[in-house]
Amino acid sequence: VAAITVGFAGADLANLVNEAALVATRRNGDSVTLPDFTQAIERIVAGIEKKHRLLSEQERRTVAYHEMGHALAALALPGSDRVQKVSIVPRGMGALGYTLQRPTEDRHLMRRQELLDRLTVLLAGRAAELLVFGELSTGAADDIAKATALARDMVVHYGMDDVLGPVSYADVQRRYFGMPDGIGPPGATGFGADTAQRIDAAVLELVQEALDRARAILGCHRAVLDRCADALLARETLDADEIAALTGDLAVSSGTPAERRDRRPVTA
Ligand code: ZN
């Protein structure tokens, strides 16, 4: 249980135990077992299964490629959180499928390259759709929102843009909230229009580059992507072992030898 709850706070664990007990009760179990905990995690992370929500065959194919895109990109970038499960059973309010990734350890510090990898995995669903169908769909809306927020944090909070430099642009607007434009203490009047423009451009560059990189990774592994999407369409859900059996070791063929040396080893 500890391995699947990395990063959980006490209240999250209490909630998980409660959910797992409910799952066990529903199947009339005598005790709470590990599969109950796994199911409880999925309910908490992705929402309740909605098996009756019927998708057309084309929609199922799109969702299958989208989710496998996330999973394969995560496997090809070994610093990524471990892929535990990929599913095309609709869940929760709007999710038509999901890729369950859990970190293998508590993280308190992220390097720039790890954030770029995370952006790439987030955009890999759309990248797979573009690569296979050559079309955009609404399925990537949530991924795009998360990627945009992360890219913006990199630029305005973490000082990771070369042009804008190691300067925080995050608090400027908040500090003078409610004041007319340009009015604040002397010498601290926020940033100008050209800086705002550069922030927008930097965010767009980060997200666009991540999408291009995801497309390149999936293009390299197109045969594996097809094989995994077919398996997912047939079985609806693939766990970590099943995915590993279908993909082999993707990480070996991605990046240059020097890049691979720099990356953290895959855990488990
Ligand atoms: Zn997605």
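Both counts, for ligands and for their atoms, begin at 1 and track the order of listing.
Between the CG atom in Leu116 and the CZ atom in Arg112 there is a gap of 5.0 Å [rounded to 0.5 Å].
Residues Thr120 and Asp117 bring no donor and acceptor atom of their side chains to less than 3.5 Å of each other. For the residue pair Gln208 and Asp212, a side-chain donor N or O sits within less than 3.5 Å of a side-chain acceptor on the partner.
Distances from the Zn ion (ligand 1) to each N, O or S atom of His66 single out NE2 as the nearest.
Note on Arg60 versus Glu57: salt bridge recorded, some NZ/NE/NH1/NH2 to OD/OE distance being below 4.0 Å.
Among the atoms of Asp142, no N, O or S atom is found under 2.8 Å from the Zn ion (ligand 1).
Centred on the Zn ion (ligand 1), the angle running from His70 (NE2) to Asp143 (OD2) is recorded as 100°, rounding to 10°.
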